[in-house]
Amino acid sequence: MPQLNFISPDGEKHTVEGKLGDSVMDAGVRNVVPGMFGLCGGALACVTCHLLVDDSTASRCTPMQDFEDEMLDGTVTPRHASSRLSCQIVITEELDGGTFIVPEKNY
Ligand code: FES
């Protein structure tokens, strides 16, 4: 099972086990990572799952689709170059050791 690292808003690192095929949001919420939410359950309707993807991890993530890009543009302030909606990142073996930063204000 891939191990995922979340950096919570207080700077603490939380390493959790990810289930293949689940989303990064699923792993963060299931493991009660501080600041992690997924209020719409991954339906791409809430943006509460917003995360920043560490540079070392970005190229290993599921590519961003147009609707996620539009959602980030219209609702996440500030949007960063590394912003993603974590419900749209599928956990694969390639994500093992990946790092995600939970922003101070998640939505
Ligand atoms: Fe709602 Fe990701 S959980 S957009």
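Bear in mind that the values here come from a model prediction, so they are computed numbers and not experimental data. Hydrogens, waters and symmetry mates are skipped; everything else that's a heavy atom, side chains included, is used. Atoms within each ligand, like the ligands themselves, are counted from 1 in listed order.
The distance from ligand 1 to the heavy atoms of Cys87 drops below 4.0 Å at these ligand atoms: 2 (Fe), 3 (S), 4 (S). Listed by atom number, the atoms of ligand 1 under 4.0 Å from Ala45 heavy atoms are 4 (S). Listed by number with element, the atoms of ligand 1 under 4.0 angstrom from any heavy atom of Cys49 are 2 (Fe), 3 (S), 4 (S). Of all atoms in ligand 1, numbered sequentially from 1 with element shown, those under 4.0 Å from a heavy atom of Gly38 are 3 (S). Set against the non-hydrogen atoms of Leu44, the atoms of ligand 1 under 4.0 Å away are 4 (S). Ligand 1 places these atoms under 4.0 Å from at least one heavy atom of Gly42: 3 (S).
Contact annotation: Cys40 places no N, O or S atom under 2.8 Å from atom 2 (Fe) of ligand 1. Residue Cys46: no N/O/S atom is found under 2.8 Å from atom 2 (Fe) of ligand 1.
Side-chain atoms of His50 and Ser83 form a donor-acceptor pair, as typed in the model, at a separation below 3.5 Å.
The number of heavy atoms from other shown groups lying within 6.0 Å of CD (Gln3) is above 12. Atom CG of Asp66 has 12 or fewer heavy atoms from other residues, nucleotides or ligands within 6.0 Å.
Contact check on Asp26 versus Lys19 returns no salt bridge, with no Lys/Arg side-chain nitrogen under 4.0 Å from an Asp/Glu carboxylate oxygen. Note on Asp96 versus Arg60: no salt bridge recorded, every NZ/NE/NH1/NH2 to OD/OE distance being 4.0 Å or above.
Clustering ILVMFWY residues whenever any of their side-chain heavy atoms sit less than 4.5 angstrom apart, transitively, puts Val76 in the very cluster that holds Leu44.
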